[in-house]
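Structure record follows, encoded as structure tokens.
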Amino acid sequence: MSAYLVSKLEADKKKRVRVVWGVSFTVIALIAFSIILFQLLLQNEKVEIASHITEVAKQSAVSANELLRGDFQSLNLFAHLLESEPQYLDKKHIDGRLTSAIKRTGFLSMAVIYPNGLARIYDTNRGFQTYKNVKNLNYFKYGMQGHEFVDFEPSRYDNDNVIVLFAVPVMGANKKPIALITAARGIEDFSKAVAITTFNNHAVVHVIDNKGNLILRDKSTQAVLKSSIFENNEVSDEKREKALKSDKPESYWFKDINGVRKVASFIPLGYNNWKLLAILPFSAINHNSQRVLQFAILFFLLINAIVLVAVRYNLKVKARSDNMVMDLALQDDVTHALNKTSFFIETEKILLKESPADEKIDIIAMDIDNFKVINEIYDMEKGNQVLKDIASILSKAIGENGIFARFSDDLFTILYKYTDANMPILLIDDITKTLSKYRLNVKINPSFGIYEVEDRTTSVNTLCDRANIARRSIKGMTAIRYAFYDASLSRAILEEKQIEDSMRQALENGEFEMYLQPKINMQTMLPCGSEALVRWNHPEKGLVPPAKFIPLFEKNGFVIDVDKFIWEEACKVIRRWLDEGKTPLPVSVNLSRVHFKYEDLVDIIQKLVNKYNVPHKYLELELTESSFLDNEGVVNSTLVRLQQLGFTIAMDDFGMGYSSLNMLRKLPVNILKLDRGFINEAACSKRGFIVLNHVISMAKDLQTTIVCEGIETKEQAETLRKAGCDIAQGFLYAKPMPVAEYEKFVYSEYNMA
Ligand code: C2E
Ligand code: MG
Ligand code: MG
């Protein structure tokens with residue numbers, strides 16, 4: 001995944017965060033708006049409820065006033081009667097008057113009280129009674145001063161019961177009271193008059209005085225008389241004072257001791273500065289409109305909440321999947337280490353932001369020599385497991401001092417921070433040592449290229465390139481495990497570029513030339529064939545050996561053209577020898593592994609030998625063991641077909657890499673070419689000699705011819721001859737040479753016709 005995609009994912013993430021904030025803000029604003037709207041509507045509703053209860057309480061006050069006024073009227077009528085006929089006040093007549101008055105008025109009891117404090121009472125339940133002295137009672141004092149009186153009093157007979165007590169004076173001729181008429185009305189009548197039956201009987205109605213003292217408590221509440229309903233300071237004093245002082249109806253909302261919201265309505269009564277106090281809890285109001293409103297607001301809030309939750313969830317899921325994509329984008333899927341993209345991002349961060357200026361930083365490229373072999377010998381799964389283990393070895397070795405990533409196949413790149421100059425080499429030694437102990441039949445040899453960062457603003461790509469240039473500079477050199485980058489390596493890269501630019505033209509210009517290196521029969525010591533080896537006659541650089549260009553050509557595929565050119569040269573020379581009547585010695589040509597990837601080798605070779613009409617036995621084909629490893633199936637079947645057509649197949653460089661005896665048994669080869677290194681080892685150590693002997697004897701058992709390459713000394717030649725080597729090729733006998741020289745060598749020096 002590209003850095004572009006990663007930055008896009010990050011931009012998306014930022015955008016998402018903005019969307020989340022936007023949506024959250026909008027929803028919160030909507031919720032706030034709903035709450036304000038709800039509050040406003042509630043306020044309005046409260047005002048309406050307050051005026052409603054006030055209206056209802058006003059009706060109650062009217063009923064109460066009417067009741068009181070009616071009773072006063074009845075009493076005053078009776079008093080006026082006695083004023084006009086004072087003789088009826090006398091004991092003989094008064095009982096009869098009281099009896100008839102009670103019948104007319106429906107009072108519980110009535111009494112006449114004389115100025116001396118003597119009271120004659122007629123009670124509907126108890127009949128006539130006389131009290132001696134009521135002088136100290138309030139109503140007596142008020143009445144005898146000529147005032148009307150009304151109050152709520154405990155019943156004389158039953159303290160739990162309350163009565164409404166009235167007193168009116170009977171005025172004498174001198175405008176002074178000559179008696180008082182009192183009457184008691186049952187509280188039920190009063191309560192009935194003031195009761196508020198709307199609001200489902202939830203409203204309570206008290207009578208209070210202008211100081212807020214309870215005169216009469218609603219019968220539905222516990223205690224009946226006195227005590228303040230404001231003891232709990234449920235509302236602010238100012239509100240209460242204002243309502244108490246006003247001579248108009250007043251109302252306000254308050255919360256009671258239990259936190260219940262209630263409305264209190266104060267309605268002045270016409271007597272004693274009394275007020276009716278109606279109290280209604282908010283919950284008692286059961287307006288449909290309010291229900292609908294509440295429901296609508298709740299619904300609105302719910303929808304908002306759902307939208308918010310849905311948006312957040314959606315974004316969360318998206319973020320999670322993006323994070324997964326991000327992880328995949330930033331992780332190597334085999335080892336779970338960083339991948340190239342994330343390594344670039346992290347390296348840039350470390351170089352430019354995180355790492356202090358006095359810290360040194362190296363970029364180290366690492367790969368494993370012939371890692372492909374592991375995949376071939378084992379399988380892909382095992383190969384992946386080895387890569388994972390390598391990653392964990394790197395992780396442990398690097399620790400907190402850096403980061404690493406897998407760039408491709410077996411190519412790892414490390415960023416290493418250090419203060420002591422020895423540290424990178426210690427790290428490399430540590431990794432190499434740990435890998436060398438890895439339990440596998442194939443040895444894991446890493447190569448490292450080190451680039452010490454000089455300018456931190458250099459692009460990470462360039463830094464990695466330089467580490468890789470250093471790594472490639474020691475490719476194939478088994479003894480050297482690491483190399484530092486220096487500018488000359490860049491020159492090598494430049495050179496490669498120059499080669500690539502000029503190679504096609506060089507082929508057309510005939511700068512490539514076939515050299516032949518004779519092979520010697522170890523029995524007869526006569527030449528028995530040759531190997532065709534390419535040389536580049538460069539106009540400026542002179543004769544360039546294949547090691548300088550073949551690896552590059554194998555990378556860029558041009559080796560195919562060069563090989564075909566050499567094969568054709570070989571066919572041409574064999575043809576010429578035949579035409580000249582000579583007995584041609586076989587020529588072996590090298591076949592790069594690359595051929596098997598692209599084309600049908602059998603067809604090409606067949607066409608070529610047919611073109612020059614060359615008998616197949618004169619052309620030998622050399623393949624390195626790496627070709628066999630690349631694609632065993634295809635290579636095998638190709639070789640079998642070639643053998644069937646009469647070509648001789650040789651396995652080149654045996655013993656150099658990972659060749660195994662097992663492989664020898666499986667592969668269709670006629671000749672085994674033992675590598676120079678293998679032979680050197682046999683000459684140096686007893687162990688090597690034993691292995692060599694076994695290889696030769698096994699090859700013989702398999703009817704395979706042994707060719708020993710790179711024989712430089714007589715001792716080597718002698719050892720190999722003894723071991724059973726059939727053919728020798730080496731500088732001891734002859735170096736690779738131009739065809740003309742070879743012809744001289746074979747046909748003149750050895751007189752072979
Ligand atoms: P190779 O096929 O194993 O060829 C043998 C190499 O060993 C040749 O190197 C040869 O000069 C060298 N050699 C022979 N005897 C001695 C000796 O006594 N001492 C030493 N030190 N070296 C000896 P050369 O010609 O430089 O070729 C190197 C490799 O390049 C070849 O190894 C082969 O793999 C490749 N190559 C050469 N020509 C061609 C070609 O036309 N096509 C392909 N595909 N590869 C080629
Ligand atoms: Mg060869
Ligand atoms: Mg060889």
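Just so it is clear, the model here is predicted, and its values are computed rather than measured. Just so you know, ligand 1 is whichever comes first in the structure, and atom 1 is the first atom listed for that ligand. The basis for the numbers below is simple: all heavy atoms, side chains too, and nothing from hydrogens, waters or symmetry mates.
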Atoms of ligand 1 close to S592 [distance to a heavy atom under 4.0 angstrom, numbered from 1]: 44 (N)
Of all residues at least two apart in sequence or in a different chain, which pass the side-chain hydrogen bond (donor to acceptor under 3.5 Å, both in side chains) check with K714? none
Would you say ligand 1 has an N or O under 3.5 Å from any N or O of A547? no
Atoms in ligand 1 flagged as close to G710, the criterion being non-hydrogen separation under 4.0 Å: 15 (N), 16 (C), 17 (C), 18 (O)
What is the nearest protein non-hydrogen atom to atom 27 (O) of ligand 1, stated with its residue, atom name and distance? P546 CG, 3.3 Å
Would you mind checking if K396 and D430 are paired as a salt bridge, meaning a charged N to carboxylate O distance below 4.0 Å? no
Restricting to ring-ring contact (aromatic ring centres under 6.0 Å, His included), what partner residues turn up for W567, sequence neighbours left out? H595
Under 4.0 Å to a heavy atom of I711 - the qualifying atoms of ligand 1, by number: 18 (O)
In terms of heavy-atom contacts, does OH of Y416 have more than 12 from other residues, nucleotides or ligands at under 6.0 Å? yes
Any N/O/S atom, backbone or side chain, of N590 lying under 2.8 Å from the Mg ion (ligand 2)? yes
Would you call E554 and R593 a salt bridge, taking side-chain N to carboxylate O under 4.0 Å as the test? no
Please list the nearest protein heavy atom to atom 7 (O) of ligand 1 with its residue and the distance rounded to 0.1 Å. E709 OE2, 4.6 Å
Subset of ligand 1 atoms that lie under 4.0 Å from at least one heavy atom of E531: 1 (P), 2 (O), 4 (O), 5 (C)
Pairing donors with acceptors under 3.5 angstrom, does anything connect the side chains of N590 and E531? yes
Could you check atom 11 (O) of ligand 1 against the protein and tell me its nearest heavy-atom contact, residue, atom and distance included? P736 CG, 3.3 Å
Take every heavy atom of R535, measure it against each atom of ligand 1, and state whether any distance is under 4.0 Å. yes
Can you tell whether the side chains of E718 and R721 come within less than 4.0 Å, N to carboxylate O? yes
For atom 31 (C) of ligand 1, which protein heavy atom lies nearest, and how many Å away is it? L533 CD2, 4.2 Å
Do side-chain atoms of R406 reach the backbone of L338 as a donor and acceptor pair under 3.5 angstrom? no
Quiz: residues 539-553 side-chain donor-acceptor pairs under 3.5 angstrom, not counting sequence neighbours:
none

Side chains of T413 and K340: any donor to acceptor distance under 3.5 Å? no
Would you check the N or O atoms of E712, main chain and side chain alike, for any that come under 3.5 Å of an N or O of ligand 1? yes
Is a donor on one side and an acceptor on the other found under 3.5 Å between the side chain of T713 and the backbone of Q716? yes
Answer yes or no: is there a donor N or O on one side and an acceptor on the other, between the side chain of S627 and the main chain of L623, under 3.5 Å? no
Residue and atom name of the nearest protein heavy atom (relative to atom 45 (N) of ligand 1), distance in Å to one decimal: N590 CB, 3.7 Å
What part of Q517, side chain from CB on, backbone N/CA/C/O, both or neither, has a heavy atom under 4.0 Å from ligand 1? side chain
Main-chain N/O of E511 paired to N509 side chain as donor or acceptor, under 3.5 Å: no
Under 3.5 Å, side chain of R575 to main-chain N/O of Y612, donor-acceptor pair present? yes
If you scan protein heavy atoms around atom 22 (N) of ligand 1, the nearest is F731 CZ, 3.4 Å
I need the contact type for P545 against ligand 1. Using non-hydrogen atoms and a strict under-4.0 Å cut-off, is it side chain, backbone, both or neither? neither
Using a plain distance cutoff, I'd like to know if V534 has any nitrogen or oxygen under 3.5 Å from a nitrogen or oxygen of ligand 1. yes
Assess the residue pair I671 and I649 against the criterion (side-chain contact (heavy atoms from CB on, under 4.5 Å)); give the C-alpha distance rounded to whole Å, side-chain angles, the decisive distance to 0.1 Å, and a yes or no. CA-CA 6 Å; I671 298 172; I649 310 291; over 6 Å; no
Under 4.0 Å from ligand 1, counting heavy atoms only, is it the side chain of V562, its backbone, both or neither? neither
What atoms in ligand 1 come closer than 4.0 Å to a heavy atom of D653? 3 (O)
Measure the distance from atom 32 (O) of ligand 1 to every protein heavy atom, then report the residue, atom name and distance (to 0.1 Å) of the closest one. D652 OD2, 4.6 Å
Decide whether an N or O pair under 3.5 Å exists between R676 and ligand 1. yes
Do T462 and S459 have a side chain donor and acceptor closer than 3.5 Å? yes
Looking at the Mg ion (ligand 2), which N/O/S atom of E531 is the nearest one? OE2
Please list the nearest protein heavy atom to atom 42 (N) of ligand 1 with its residue and the distance rounded to 0.1 Å. D563 OD1, 2.5 Å
Considering only NZ, NE, NH1 and NH2 on the basic side and carboxylate oxygens on the acidic side, decide whether D600 and K607 come within less than 4.0 Å. no
Within less than 2.8 Å of the Mg ion (ligand 3), the count of protein N, O or S atoms comes to 4
